[in-house]
Every structure is written in C-alpha cells, then in structure tokens.
A.B. asks: 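Mind having a look at this structure? Questions to follow.
Below, chains carry the letters A, B, ... as their sequence lines are ordered, and counting in each starts from 1.
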Amino acid sequence: MSSITLKNISKWFSDNQVIKNIDLNIKDGEFVVFVGPSGCGKSTLLRIISGLEDLDNGSVSIDDVDVTNKIPYDRGISMVFQSYALYPHMSVFDNIGFSLKTSGVKNKILEKRVGEIAKILRLDNLLHRLPKQLSGGQKQRVAIGRAIIRKPKAFLFDEPLSNLDAALRVEMRLEISKLHKELGVTTIYVTHDQIEAMTLADKIVVLNEGKIIQIGSPFELYNYPQNLFVAQFIGTPKMNILECNQKEGYIYLNKNKKTNIKTKKENVFKIGIRPDNIELCKPVKNMLKGNIKFCEYLGSEQYVYIDCELDNELIVVKLDPNTKVVLNEKIGIKFISKYLHFFTKKDERIN
Amino acid sequence: MFWKYGLFFSILSGGIWGIFWQIFFTLVGILTLGTPLSLELSQIMIIGPLAGFIYIKSQKFLSIKFHLTAIIIISFLIYISHLGNPYHAGDENQLIIFILILSTSFFIWVSLNHSLYNLSPGKLSKHDIESFLIKFMWGIGLIILILITLIPFYIMIMTSLKNQQSLILNPLDLSVNLNTDFKTLFNSYIELFTNFNFHLFLINSFIVSCTTVIITLFFSIPGAYALARLRIPNKKIFSGAVILIYLIPSIVLIIPLYIIFSYMGLRNSLFGLMLVYPATTIPVALYMLRGYFSALSSEIDDAALIDGLSRVQIILKIAIPLSKPAIVSVGLYVFMIAWNEFLIAFMFLDDPNIFTLSRGIMSLNSSEIPQQHLMAGAVIATIPVMVIFLYLEKFLISGLSAGGVKG
Ligand SMILES: Nc1ncnc2c1ncn2[C@@H]1O[C@H](COP(=O)(O)OP(=O)(O)OP(=O)(O)O)[C@@H](O)[C@H]1O
Ligand SMILES: [Mg+2]
C-alpha cells in the first residue's frame with residue numbers, strides 16, 4: 001500500500017510526443033481510473049509507472065521514493081494485461097507462483113500462498129491446467145492471482161476486462177471491486193468502459209492526446225465537467241451541446257430560436273444538457289420545438305432524437321419507457337435549468 | 001462447354017494416370033530385371049481414358065468385386081493391345097511382366113478412385129471442379145515427390161551393396177542377391193570403416209556439425225531476441241546488414257578466407273571450420289528466429305519483467321521454451337548445412353585424419369576406388385541426418401504458445 005506521485009512526465013516515441021507533462025498524485029489505497037479515447041496514452045502512462053517504458057522527462061515516486069531509474073520488479077508493483085499474458089507453457093499453479101519462485105521463496109511457503117490465492121479467486125480445481133485449457137474469465141482470474149501473490153504496493157490494470165463478454169465483465173468488475181475493498185491496495189485501472197470507470201473509481205483521470213483534462217470523483221466529472229471534452233466523454237448517451245448567444249438575459253440558439261433559459265452568466269457560447277434533464281411538453285409559443293425523428297427503446301428507458309432545425313444537430317432526450325412516442329410528432333422541449341452546463345468559446349466551463 | 005462435365009475430367013485423368021503409371025512400372029521393370037524394356041505409351045493412351053470412362057459410368061455400383069473385375073479387365077486390355085508381348089521382354093521374364101501389368105492396372109484404378117470419387121458425370125459446379133483439381137494435383141504431386149526422393153536413395157543403397165564384378169557386368173541391374181553372406185553384401189561399408197578412416201570422418205563431421213549448431217544457437221538466440229524485442233538504435237541497418245552477409249555467396253568469401261586462415265595457421269584444422277561455419281549460419285538463424293520471436297506476444301515478456309526476471313532469464317525461461325519448434329528446426333537446418341558443407345571443407349582440409357564426411361567422400365572419387373564405395377560413403381553421410389530428423393520430428397509440432405494471450 002503506497003502513494004504514487006508523477007512529476008512532469010513526458011514521453012516521446014521518435015518525434016511523436018505521446019505523454020505531455022503529466023503531474024498526478026495518487027493517494028494510498030486509492031482506486032484511480034484512467035479513461036480517454038483510443039491512442040491518448042493511457043497504456044503508455046501505465047507502462048511508465050510500472051517501469052516497462054522509459055521516461056524522457058520527469059520522475060515517478062512511490063511512497064516518496066524516486067523510482068524513475070528502477071527496474072519494474074524493484075518498484076514492487078504488479079500489472080494485469082489486457083491480453084492476460086499468461087505463460088502458455090506453465091500450469092496455473094506455476095503461473096501464479098512464478099514471481100515468488102524467481103525470488104527464491106521456499107516450496108512449502110509457495111504452495112501455501114498459491115493455495116490461498118487460488119481459494120480467493122476460485123481457481124482451486126484448475127491449478128494443474130495449462131492456460132489453453134481455461135476460459136477467458138478463468139484466465140483473467142489467473143492473471144489477477146499472479147498480480148496479487150506478491151503483495152504489491154500497487155496494482156496496475158490495463159483494460160483487463162475488455163476481452164470478456166458482457167455478463168462476465170459485470171461479474172469480474174464486482175470481483176475486482178471486492179478485491180480492492182479486501183486488500184486495500186492502491187490501484188490504477190485503465191478502461192474504455194464508462195460504467196467500469198464510474199462504478200470502480202474513487203478518482204477518475206480523463207486523458208486526451210497525452211494530457212490530463214480533468215481529475216475528479218465520478219460525481220464531480222458527471223456533474224461538473226470542466227470542459228466540453230469531459231462533458232461529452234462522460235455519460236451515455238452523450239450530453240447535448242448547442243451553440244448559442246445571449247440577448248437580454250435570455251439564451252438564443254442558432255437561427256435566433258428563443259429558449260426559456262435565463263442566465264446572468266457572461267460569454268456563454270455553448271450550452272450543454274444531458275438527455276436525462278430534458279422534458280417534453282406540448283409545443284407552445286416562445287419555446288424550443290422540434291419533430292421526433294428516431295426512437296430507441298432499451299427496455300428500461302428510451303431515447304428519442306428530436307430535430308429542432310439546429311444545423312443538423314439532433315437533440316437526444318431520455319424518456320420513461322412507458323411514454324408513448326409518435327414519430328414526426330411536433331413537440332416542445334424544456335431544459336431543466338439547474339442541470340444546464342455553460343461553456344465559453346474556448347470550451348471551458350462557466351461556473 | 002465440354003470441359004465443365006465430369007465425363008471429360010474422368011477421361012482426362014484416366015489418360016494422365018495411365019501414362020504416369022505405365023512410365024513408372026516400366027522403370028520399375030528395368031530396375032528389377034536389369035534388362036532394357038521398351039516404353040510404349042500409345043496403347044495406354046486409349047486404355048487409360050477408357051478406364052476413367054468405365055469408372056465414372058459405374059460409380060453407383062462400386063463394390064470390391066467390381067473393383068477386382070475392373071482391374072483384371074484393364075490388365076487384359078493391356079495384354080491384348082500389346083499383342084501378348086508387352087515391353088518386348090524375353091520369355092523368361094513373363095512372371096515379372098505379369099506382376100508389372102497387374103500393378104499398373106491396380107494403381108490406375110486406385111488413382112481414379114481417389115481423384116474421381118463422388119464426381120458426377122454430368123455438368124459440374126465450380127466447387128466440384130476445384131475439389132477435383134485439388135485432389136488430382138495433390139495425388140500427382142505427392143507421388144512425384146515420393147519418387148524423386150526414393151528412387152535416388154534406392155539406387156544409392158542398391159549400388160553400394162553390389163560387388164565390383166556385377167557392377168561392371170550390368171550397372172542397370174539393381175537387384176541384389178540376398179543369399180550372399182553379410183560380409184560380401186556389406187563389403188563396401190566394411191572397407192570404408194577399416195581401410196578408409198570413415199569412422200574418423202564420421203566423428204569429425206559430428207564434432208564440426210554439433211559445434212556449429214551450438215555456437216550458432218548460442219549467438220543467434222539472444223541476437224534474434226534483441227532484434228525482435230529491444231529498442232536498439234539503428235536496428236534496421238543492423239538487421240539489413242545481417243541479411244546482406246547471408247546473401248554473399250560463399251564462393252566469393254572463400255579465397256580471402258583461405259589466405260587469412262593460412263596466415264593465422266587455422267587452415268587445415270577442424271577449429272578453423274568451426275569458426276567459418278557458424279559465421280555463415282548465424283545470419284540465417286538470426287533471421288529465422290527473429291521472425292518467430294516477434295510473433296510471440298511481447299506482453300508475456302512484460303509480465304515476466306514485472307515478475308522479476310532479467311532479460312537473460314526471460315530468454316531462458318520464456319522465449320526458448322515457447323519457441324522450441326523453431327529452435328529445433330533452425331538447429332536441424334544448421335546441422336544439415338554444416339554436415340553437407342563441401343566447398344570450404346575441400347579448400348581447408350588437407351590432412352586425411354581430419355576430413356569431414358563430404359570431404360572424405362570426395363577423396364574416394366578416383367579411378368582406383370570402386371564406385372560402390374562412393375555410394376556406400378554417400379549412404380553413410382545420409383543416414384545420420386535421416387535418423388536425427390525422424391527423432392526430432394516430434395519437437396517440430398507447432399502451437400506451444402497457444403492459450404497464453406488473447407486478442
Ligand atoms: N512502441 C511504440 N512505438 C511508437 N508509438 C507508440 C508505441 N506505443 C504506443 N505508441 C503511440 O502512442 C500513443 C499512445 O498509445 P497508447 O497505447 O498509450 O494508447 P491507449 O490510450 O492505451 O489506447 P487504447 O485505448 O487504444 O489502448 C498512440 O498514438 C500510439 O500510436
Ligand atoms: Mg491501451
């Protein structure tokens with residue numbers, strides 16, 4: 001259990017800067033999730049922390065000890081890979097016990113430790129099997145077992161669940177969460193999956209193009225996105241973003257459509273509203289109106305896409321699944337103003 | 001279009017198989033009888049297609065009885081068409097001729113049964129035509145391959161077992177009188193090992209070849225691993241240079257090498273060969289192994305780094321076990337290069353005590369030494385490689401690295 005500090009980290013691949021001056025503090029026992037679009041440098045950052053990748057600039061400290069020049073093993077960190085990366089020629093037992101064996105632990109202790117881990121991960125009956133004789137979920141559990149047997153200072157997970165099917169993913173997600181509660185080890189977790197990020201994280205780090213865009217709890221990121229990127233990246237379906245201008249305190253959308261929104265904020269250039277925070281009503285005067293173009297029914301909820309003649313942008317609204325939706329019906333749209341987000345011309349949040 | 005019909009294919013393949021087996025069994029006849037036989041193809045060019053025609057028309061009622069009848073009819077037709085005297089062989093050989101003709105018909109029919117099985121005589125779909133062609137080509141290819149490898153080997157062994165007199169009497173006669181005792185039969189081999197130092201040559205070849213394999217693998221495994229995994233500056237230039245070395249023919253190198261090694265006193269020694277051979281094999285081995293190593297998942301290596309292994313330990317405990325088939329085949333390949341190498345050995349070795357096998361066989365090539373000794377020498381040089389190959393075959397299975405990673 002330890003804290004991890006990254007100071008001013010940069011990394012180039014030939015002349016392509018992949019990580020750009022990143023500073024980050026991870027507290028003891030915290031569960032931190034890195035999210036960001038593909039290619040933004042999440043894996044690279046994780047590999048830098050583990051020591052698999054060299055840095056061009058900056059430093060990594062664990063428990064206030066600078067480990068920038070230490071090899072992976074000496075950092076006392078363990079990592080779970082997206083492809084599992086089990087040793088194909090070794091049994092489950094040897095896979096889990098490999099790191100202890102290399103560091104010269106006696107056979108008796110080794111067997112006991114592997115037995116304990118196997119019990120936690122429900123692998124007791126599979127210890128003699130080879131990786132190719134395991135299912136995806138079992139392989140992933142072996143990979144996790146291999147990571148926890150060393151009692152590491154921190155766990156690093158690089159998209160550990162992305163190869164599993166949806167049901168198994170939910171199950172393993174709960175298992176990882178449980179494991180973190182039990183062991184209390186500092187954890188860094190990379191994922192594409194919003195739900196994984198929201199449910200697991202104490203703290204989410206949003207990355208884009210090698211830079212940290214925002215750090216915060218899931219609640220903060222969802223409710224107070226600091227800029228347009230985070231606003232659109234967190235939450236499904238995406239937040240509706242509409243360009244606007246202000247006249248006499250009221251917000252006007254494109255083509256001078258007047259809305260019911262009144263604000264004292266200045267320099268508002270875009271407004272954002274989540275699909276959950278829009279109400280539909282009878283079309284009346286001086287209100288945003290549109291036609292229902294599509295409807296997606298998901299069982300527990302439904303999404304309707306409304307064309308308000310705003311530069312081809314459709315507004316997404318989340319509705320109760322029991323609401324009757326008639327396509328091409330003309331309908332009025334009411335934004336619940338306390339959930340509105342305002343952004344400047346530079347896409348920054350206005351508080 | 002006529003060529004889209006099963007009937008056309010059956011007649012065509014009947015003709016081709018007929019010609020093929022006729023040639024083959026005429027050759028067999030020549031080799032076993034030791035007398036020249038005349039090769040006549042015009043008759044079989046009619047009988048073969050006829051057999052194909054019969055086969056495809058009677059596919060519905062194929063049975064053992066029918067097969068046997070068909071084979072007998074074909075044999076009968078061959079006899080008739082040759083006016084009772086196929087191959088124009090003498091009367092004393094009639095039994096063997098009969099067996100030859102029966103075999104010809106048998107193999108024609110079996111081949112037809114292989115390539116025409118379940119083919120309808122009517123119009124064929126594209127898929128049917130393709131599967132026919134694949135089966136047909138596969139059959140022809142397989143048989144030709146077997147013949148190309150077996151016939152020279154057969155001739156080599158048979159010649160090596162003969163004595164000088166019978167060889168001069170009739171070099172074509174490849175039958176061996178098995179009633180002679182062991183000593184006369186294996187006379188050439190015994191001579192080679194007692195009078196011509198072949199036991200030394202064998203040992204020398206083994207020493208040189210094994211050392212070459214060991215040295216080559218010792219350098220090329222870490223080298224290939226480094227090229228496949230590590231970020232080395234100018235890696236591209238380096239691996240390009242390695243291939244370039246491989247592309248230089250050894251005939252270009254041999255004269256400078258000869259001069260240098262003479263100056264250094266390394267010529268005319270096995271140690272000199274052990275320096276030169278790895279130098280020529282390492283580039284190939286490096287190239288082959290690098291391809292294999294880069295195909296292994298690098299995340300497994302990362303996992304091992306995190307588990308506390310050094311790069312050397314990763315090579316020993318991860319890379320080598322996972323690429324056993326590749327290493328065995330590279331090792332085998334290098335062994336065969338070293339074992340069969342002649343040019344450098346010929347230039348470098350003068351002392352008969354340190355000859356390698358290929359160099360030793362070369363020294364037999366003189367008018368005083370009978371030809372069967374040469375053949376026996378060739379057999380001695382071939383058999384160890386075959387034995388090693390058969391023994392190591394079980395390591396050449398692929399799929400050792402399956403299951404460790406996904407995606
Ligand atoms: N070994 C490498 N050599 C050169 N460029 C690399 C290398 N590894 C990664 N990159 C580049 O660095 C950038 C970040 O890669 P990284 O793997 O960290 O992305 P990621 O955020 O993990 O993406 P994903 O979500 O798809 O896994 C990408 O643009 C990638 O092309
Ligand atoms: Mg990644």
A.B. asks: Can you tell me how far the CE atom of A/Met79 sits from the CG atom of B/Leu305, to the nearest 0.5 Å?
C.D. replies: 11.0 Å
A.B. asks: Report which part of A/Arg75 has an atom under 4.5 Å of a heavy atom belonging to chain B: side chain, backbone, both, or neither.
C.D. replies: neither
A.B. asks: For atom NZ of B/Lys235, is the number of surrounding heavy atoms from other residues, nucleotides or ligands below 6.0 Å larger than 12?
C.D. replies: yes
A.B. asks: Could you list the residues that satisfy side chain to side chain donor-acceptor pair (under 3.5 Å) with B/His114, not counting sequence neighbours?
C.D. replies: none
A.B. asks: Hey, is CD on A/Gln194 packed in by over 12 heavy atoms from elsewhere, all under 6.0 Å?
C.D. replies: yes
A.B. asks: Locate the shortest heavy-atom distance separating A/Ser83 from B/Ser297; write the atom from each residue and the value.
C.D. replies: OG-OG, 4.4 Å
A.B. asks: Roughly how far apart are B/Ser298 OG and A/Phe81 CZ, rounded to 0.5 Å?
C.D. replies: 8.5 Å
A.B. asks: For A/His128, I'd like to know if atom NE2 has over 12 heavy atoms of other residues, nucleotides or ligands within 6.0 Å.
C.D. replies: yes
A.B. asks: To check you understand the geometry: which heavy-atom pair defines the closest contact between B/Leu322 and A/His89, and what is its length?
C.D. replies: CD2-ND1, 3.4 Å
A.B. asks: So for A/Ile77, is it side chain, backbone, both, or neither that comes closer than 4.5 Å to the heavy atoms of chain B?
C.D. replies: backbone
A.B. asks: Using a strict threshold of under 4.0 Å (side-chain N to carboxylate O), is an ion pair present between B/Arg231 and A/Asp54?
C.D. replies: no
A.B. asks: Would you indicate whether A/Asp64, at its atom CG, is surrounded by more than 12 heavy atoms from other residues, nucleotides or ligands within a distance under 6.0 Å?
C.D. replies: no
A.B. asks: Report yes if the side chains of A/Pro88 and B/Ile300 come closer than 4.5 Å at any heavy-atom pair, otherwise no.
C.D. replies: yes
A.B. asks: Take atom CZ of B/Phe389 as the centre, draw a 6.0 Å sphere, and report whether it contains more than 12 heavy atoms from other residues, nucleotides or ligands.
C.D. replies: no
A.B. asks: Let me know if A/Gln140 has heavy atoms under 4.5 Å from chain B in its side chain, its backbone, both or neither.
C.D. replies: neither
A.B. asks: Taking all atoms of both residues into account, what is the closest heavy-atom pair of A/Arg146 and B/Asp307, and its distance?
C.D. replies: CD-OD2, 3.5 Å
A.B. asks: Counting only non-hydrogen atoms closer than 4.5 Å, does A/Ser103 touch chain B with its backbone (N, CA, C, O), its side chain (CB onward), both, or neither?
C.D. replies: neither
A.B. asks: Can you find a heavy atom in the side chain of B/Ile306 that is under 4.5 Å from one in the side chain of A/Leu52?
C.D. replies: yes
A.B. asks: Got more than 12 heavy atoms from elsewhere within 6.0 Å of CD1, A/Ile195?
C.D. replies: no
A.B. asks: Does NZ in B/Lys135 sit with more than 12 non-hydrogen atoms of other residues, nucleotides or ligands closer than 6.0 Å?
C.D. replies: yes
